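The structure appears right after this line, and notes come after that.
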Amino acid sequence: MAEEASGKVDMEKIVSLCQRRGYIFPSSEIYGGLSSCWDYGPLGVELKRNIKEAWWRSVVQERDDMVGLDTSILMHPQTWVASGHLEQFTDPLVECKQCHLRWRADELKDNTCPSCGGEVTEPHLFNLMFKTFMGPVEEEANVVYLRPETAQGMFVNFQNILNTTRKRLPFGIAQIGKAFRNEITTGNFIFRSREFEQMEIEYFVKPGTDKEWFDYWLEERYNWYVNLGIKKENLQLRQHTKGELAHYAKKCYDIDYLFPMGWSELEGVANRGDFDLTQHASHSGKSLSYLDEETKQHIVPCVIEPSAGVDRSALAFLCDAYVEEPDKEEIRVLLRFHPTIAPVKVAVLPLSKRENLVELAKKVYADLRPCWMVQYDDTQSIGRRYRRQDEIGTPFCVTVDFQSLEDNQATIRERDSMNQIRVPIAELKKTLAAKLEGEDLFVLPPGGQIWKEEREEKSG
Ligand code: ATP
């Protein structure tokens with residue numbers, strides 16, 4: 001982890017907002033929590049779903065050279081022998097001789113304990129894979145591992161995909177799923193946990209074309225974050241040094257994000273060469289080669305692997321969207337999520353709890369719900385309800401007021417500008433759809449108008 005981030009959002013504010021509003025809770029909280037495991041609440045689960053869906057759409061749905069896969073978490077133990085994880089997936093562990101806290105040796109500045117300054121022991125290698133037992137007898141023969149990455153499920157299915165999809169090189173496989181690592185040091189909220197989710201691509205190419213495809217995927221993945229609203233100044237590409245390269249990698253870049261604790265990895269893009277297919281072919285005894293129709297030769301494709309974390313992406317989207325703005329005598333906190341990422345797209349708010357208003361607002365709510373995640377809220381003052389929606393990142397609020405009962409119109413308030421327009425209720429769905437796609441608020445539907453009337457936005 002590099003230098004301290006200055007001017008960046010405070011991690012404590014993000015953690016507190018996440019807990020207060022139902023994004024993320026510590027796992028098993030009523031028992032005091034479980035170190036480095038997290039539960040995603042009603043908003044967090046929507047945030048994660050939106051991230052995963054946006055990723056899937058961009059790397060599978062919109063491409064004809066990619067297919068999806070969902071493989072099991074437990075795999076044949078030989079998988080991890082072949083992949084090198086059993087031998088190499090280790091971190092150097094040191095222990096403080098004074099306070100007995102454990103640390104990753106490569107994360108210490110010198111050989112002293114960051115907690116008490118005591119001397120640390122010589123490092124020994126610690127394997128990060130979680131072990132468990134398959135079947136009722138806890139004996140060595142039945143040891144299996146919780147996968148530390150989703151990648152291997154895609155390599156061992158290479159031949160199945162070739163046989164069933166008729167894909168020709170270059171083509172890729174994409175998978176989203178849980179991974180587990182018994183990390184020595186965790187922390188920084190959901191940045192490093194022991195159970196997390198990955199979004200991984202294995203893209204198979206002809207040897208010799210791997211360098212171009214590497215550059216292609218690095219750019220593609222960088223642009224994915226930018227197109228979903230992450231600020232370019234908070235992203236950087238960092239090449240791994242020779243010493244840092246994983247045992248399988250020919251070349252690797254990290255896409256780093258400026259997290260509250262400094263620049264840290266958001267996604268890794270690696271050129272894995274033909275390491276994985278060659279290893280699995282030799283350990284399984286099954287051919288994992290590809291018949292090149294041009295040359296009539298059997299070749300082993302090279303692999304480009306963009307590997308992203310769902311949880312780290314969620315944290316980056318949260319940090320990047322977090323804004324505090326002066327608002328009269330108060331501070332307005334908002335999450336300026338891109339609409340695709342926002343957990344709730346629209347909130348429907350009747351101006352008061354009067355029966356006829358509530359009835360109309362609930363009709364609007366029922367009408368919009370099939371299209372998006374929509375919230376209905378009729379508690380507290382309208383100002384407070386706007387602030388709550390700002391804080392959870394809802395791009396648009398629809399307000400039904402007394403005039404709506406007469407003119408069948410409602411106002412749409414935009415989160416970032418707080419500008420409002422008034423449109424016929426019959427036009428709401430189409431108008432909101434266009435605004436969520438990025439249309440300017442002041443492009444009006446038939447019968448719509450810019451709304452200047454100042455509503456009481458103050459809290460209280
Ligand atoms: P780091 O150097 O931070 O430990 P890594 O290089 O080991 O990460 P990879 O093996 O490249 O990570 O994993 C791919 C992606 O999976 C990472 O970019 C990250 O987004 C995610 N990831 C890896 N480990 C964790 C973890 N412990 N908690 C949350 N996400 C993780």
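One-based numbering, in listed order, for ligands and for the atoms of each. Note that this is a predicted model, so its numbers are computed, not measured.
Using a 4.0 Å cut-off between charged nitrogen and carboxylate oxygen, Asp91 and Arg102 do not count as a salt-bridge pair.
Residue contacts with ligand 1 for Asp254 are absent, since no atom lies close enough (heavy atoms, distance under 4.0 Å). In Arg181, the part holding a heavy atom less than 4.0 Å from any atom of ligand 1 is the side chain.
Among all non-hydrogen protein atoms, the one lying nearest atom 29 (C) of ligand 1 is Phe191 O, 3.1 Å. At the shortest separation from atom 14 (C) of ligand 1 among protein heavy atoms lies Ser307 OG, 3.0 Å. For atom 8 (O) of ligand 1, the closest non-hydrogen atom on the protein side is Glu265 OE1, 3.6 Å. Looking from atom 28 (N) of ligand 1 to the surrounding protein, the closest heavy atom is Ser193 N, 3.0 Å. Arg312 NH1, 3.5 Å is the protein heavy atom nearest to atom 19 (C) of ligand 1. The shortest contact between atom 22 (N) of ligand 1 and any protein heavy atom is with Phe196 CE1, 3.5 Å. Here the heavy atom of the protein found nearest to atom 4 (O) of ligand 1 is Arg192 NH1, 2.7 Å.
If you run salt bridge (charged side-chain N to carboxylate O under 4.0 Å, His left out) between Asp390 and each of Arg413, Arg336, Arg385, only Arg413 comes through. For the salt bridge (charged side-chain N to carboxylate O under 4.0 Å, His left out) with Lys178, the qualifying choice from Glu195, Glu197, Glu200 is Glu195, the only one to do so.
Relative orientation of the Tyr253 and Phe214 rings is tilted, given thresholds of 30° and 60° on the angle between their planes. Relative orientation of the His85 and Trp80 rings is perpendicular, given thresholds of 30° and 60° on the angle between their planes.
Atoms of ligand 1 found under 4.0 Å from any heavy atom of Glu267 (numbered from 1 in listed order, with element): 18 (O). Taking a cut-off of under 4.0 Å to the non-hydrogen atoms of Gln198, the atoms of ligand 1 that pass are 13 (O), 14 (C), 15 (C), 16 (O). Which parts of ligand 1 touch Glu183 is read off a 4.0 Å heavy-atom cut-off, strictly below it: atoms 24 (N), 26 (C), 27 (N).
Taking the ring centre of Phe171 as origin, the terminal cationic atom of Arg168 falls outside the region bounded by 6.0 Å and 45° from the ring axis.
Considering backbone and side-chain atoms together, Ala308 places no N or O closer than 3.5 Å to any N or O of ligand 1. Considering backbone and side-chain N/O atoms, Gly309 comes within less than 3.5 Å of an N/O atom of ligand 1.
The number of heavy-atom neighbours closer than 6.0 Å to CD of Glu437, taken from other residues, nucleotides and ligands shown, is 12 or below. In this structure, Asp39 places its CG atom where more than 12 heavy-atom neighbours from other residues, nucleotides or ligands lie under 6.0 Å away.
The aromatic ring centres of Phe259 and Tyr257 sit less than 6.0 Å apart.
Residue Leu266 places a heavy atom less than 4.0 Å from ligand 1.
No donor-acceptor pair closer than 3.5 Å links the side chain of Asn223 to the backbone N or O of Arg221.
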